[in-house]
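Okay, so here's the structure we're looking at.
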Amino acid sequence: MIRFENVVKRYGDFEALRGVSLEVAQGQVVVLLGPSGCGKTTLLRTVNRLVEPSEGTVYLGGEDVRRLKPEELRRGIGYVIQSIGLFPHMSVLENVLVVPRLLGWERSRREARAREMLRLVGLEPAVFASRYPRELSGGQAQRVGLARALAADPAVLLMDEPFGAVDPPTRERLQDEFLRLQADLKKTVLFVTHDLEEAVKLADRICLMNHGKVEQYDEPETLLRDPKTPFVREFIGPSRTLLRLSRIPLKGLIEPLNGKVPAASVPLSAMAREAFSVLLAQGARSVAVTDEQGRAVGQVRLETLLRVASED
Amino acid sequence: MLEARSLKRSAAIAPLVAPVVAWGLLMGLFAYQDLWKRTLAALFPNQTPLFERQTLLNLALEHLAITATAGLFVLLVGLPLAIWVARPSGAAFRPLVENLVAVGQTFPPVAVLSLALPFVGFGSNGAILALLLYGLLPVVRNTLEGLAAVPPDVLEAASGMGYSPLQRLWRVEIPLALPVILSGIRTSAVLILATATLAPLIGGGGLGVPIVAGLAVNNQAFVSEGAIAVALLAVLLDWTFARLEAVLTPWRAIRA
Ligand SMILES: Nc1ncnc2c1ncn2[C@@H]1O[C@H](COP(=O)(O)OP(=O)(O)OP(=O)(O)O)[C@@H](O)[C@H]1O
Ligand SMILES: [Mg+2]
């Protein structure tokens with residue numbers, strides 16, 4: 001869906017991108033990860049031509065992005081920037097319907113769509129539609145930014161540290177909601193972060209960058225299990241074991257309860273990491289797994305978790 | 001839905017009701033010749049108390065007409081000029097324009113008036129031209145300042161959403177610069193209103209007429225009549241613009 005071909009970006013003598021080639025498949029979430037200044041934002045912005053590459057080509061749906069007028073290209077791409085950038089002089093509703101309006105949608109259709117988008121990101125239109133951005137909390141503003149990017153139903157979403165400006169609990173909630181939305185919407189998403197944990201949680205594939213180059217482009221499991229360069233190994237650091245557990249669903253690790261039910265419990269939908277945290281916190285050796293009704297349906301043992309965490 | 005929208009709109013312009021009423025009252029006060037006569041007679045017992053060649057209301061209306069015309073020209077010249085030099089296409093002319101409008105204001109208005117005389121002749125037109133030069137600076141400077149102060153992330157978002165450069169200017173940059181632009185217009189309007197008292201020096205009319213006449217014949221009552229009226233107009237004009245700013249930029253208000 002998005003293809004970068006040997007993209008180079010120079011600012012004077014400085015090379016912000018040093019030949020990036022990358023392919024993002026339709027419906028996938030690809031996370032651009034790497035230290036500050038490595039070129040993530042620059043690479044992202046070549047897609048909607050806010051940055052024009054010095055060399056190389058970016059293809060969107062097989063077509064060179066330079067073949068479209070920038071405005072038209074951008075109206076077809078959802079864009080969420082780190083600092084949110086809501087329009088302060090427009091109400092929340094007006095912010096969300098900016099792109100539909102630019103596309104010339106009829107008034108009733110675009111307003112209905114904007115309300116739907118607000119509901120989708122968890123903001124009740126009756127409460128929020130007529131507010132101005134300055135009357136929102138950071139988390140609410142992030143949601144509006146997401147609703148605005150989704151409003152015209154673009155196939156491609158560019159998200160530059162969209163959850164960067166909020167506190168950790170809010171960030172986690174926004175991440176969960178993003179995953180829930182993405183399961184339905186199946187957008188092609190290019191997502192920038194410098195938070196390894198966020199990348200592992202959200203990505204279908206991670207592109208780890210350093211100094212304007214791709215160090216490794218792989219599924220999170222592969223990246224964590226098999227770092228290809230010293231830089232990747234260093235970047236992932238000692239938390240890789242724990243992070244791998246956060247990609248493994250509990251479902252496959254459950255053993256039958258033989259008689260007694262462990263005191264601590266985790267929901268069936270959780271990841272292995274959650275069970276591990278509970279075990280550590282309780283100092284227990286096994287934890288019960290409960291279904292939606294709260295019934296214990298099995299257990300997961302500490303040994304199992306340790307084994308899958310270190311498996312290669 | 002429609003009702004709610006028109007309700008919202010009428011609520012939004014409610015702050016303008018008070019200024020409109022105040023303008024009516026002030027005009028009524030100006031029309032009340034007798035009150036002025038008695039008050040000025042009490043203050044200056046030994047002088048002809050009231051300028052009799054023209055009614056005060058007439059003078060005030062003439063004064064407002066000169067101010068409004070000059071103000072309109074300031075907007076017609078100043079806004080496009082400032083917007084143009086703030087864009088990439090006109091950026092090369094920015095220093096030139098900034099300097100010219102600054103010089104226009106540092107020139108003493110009396111000098112501008114007399115220098116303009118040979119070109120525009122005697123009468124209110126010359127005054128309007130001089131006032132135009134004098135009033136440009138606040139509008140141009142504030143417009144440039146307001147446009148420069150639009151947050152970069154908002155500009156980036158606007159481009160990223162797919163606004164064309166011109167759409168971005170109209171729908172994002174100018175609305176966001178509006179508070180600063182309006183305060184420049186307000187400054188300029190009050191400045192023009194006050195400076196317009198010099199118009200009679202080159203044959204123009206307005207509230208400067210009794211002032212100039214009073215100075216010539218050493219009659220403080222005439223001078224006071226004009227000066228008090230101008231001061232009242234200036235205060236009311238300033239306040240009206242403040243209200244207008246609030247109405248035009250509701251997104252800045254803190255709501256209960
Ligand atoms: N317009 C510009 N002019 C000059 N240098 C630039 C410009 N934009 C970016 N750079 C440089 O390019 C490099 C990459 O910038 P970029 O914004 O892509 O980094 P990033 O990976 O997004 O970092 P962060 O995580 O801090 O946002 C940086 O060193 C930056 O200073
Ligand atoms: Mg960045």
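Just so we're on the same page: letters track the sequence lines, and every chain starts at 1.
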Given the options [options], which has more heavy-atom pairs under 4.5 Å with chain B than any of the others?
options                 : result
H89(A), R75(A), E71(A)  : H89(A)
S83(A), P88(A), P70(A)  : P88(A)
G85(A), S91(A), A152(A) : G85(A)
V98(A), N48(A), L158(A) : V98(A)

Contact origin within L103(A) toward chain B - heavy atom pairs under 4.5 Å: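 Interface part for L103(A): neither.
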Contact class of R45(A) relative to chain B, heavy atoms under 4.5 angstrom: side chain
Using residues 23-38 of chain A as the side-chain source, report each donor-acceptor pair under 3.5 Å to any protein atom, sequence neighbours left out, with the distance given to one decimal.
none

Rounded to the nearest 0.5 Å, how far does CZ of R94(B) lie from CG of N99(B)?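 CZ of R94(B) is found 11.5 Å from CG of N99(B).
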Does a sphere of radius 6.0 Å around CH2 in W170(B) hold more than 12 heavy atoms from other residues, nucleotides or ligands, not counting ones at 6.0 Å or beyond? no
Would you call K40(A) and D160(A) a salt bridge, using N to O less than 4.0 angstrom? no
Charged tip of R148(A) within 45° of F87(A) ring normal and under 6.0 Å: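 Verdict for F87(A): a cation-pi partner in R148(A).
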Is the F178(A) ring parallel, tilted or perpendicular to the F191(A) ring (thresholds 30°, 60°)?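 Correct class here is tilted.
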Largest heavy-atom contact set with chain A, pairs under 4.5 Å, which of [options]:
options                            : result
P152(B), P175(B), S159(B), A158(B) : S159(B)
L178(B), T249(B), V172(B)          : V172(B)
P151(B), S164(B), G160(B)          : G160(B)

Do Y59(A) and F4(A) have ring centres separated by under 6.0 Å?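 Not close enough - the centres of the two rings lie 6.0 Å or further apart.
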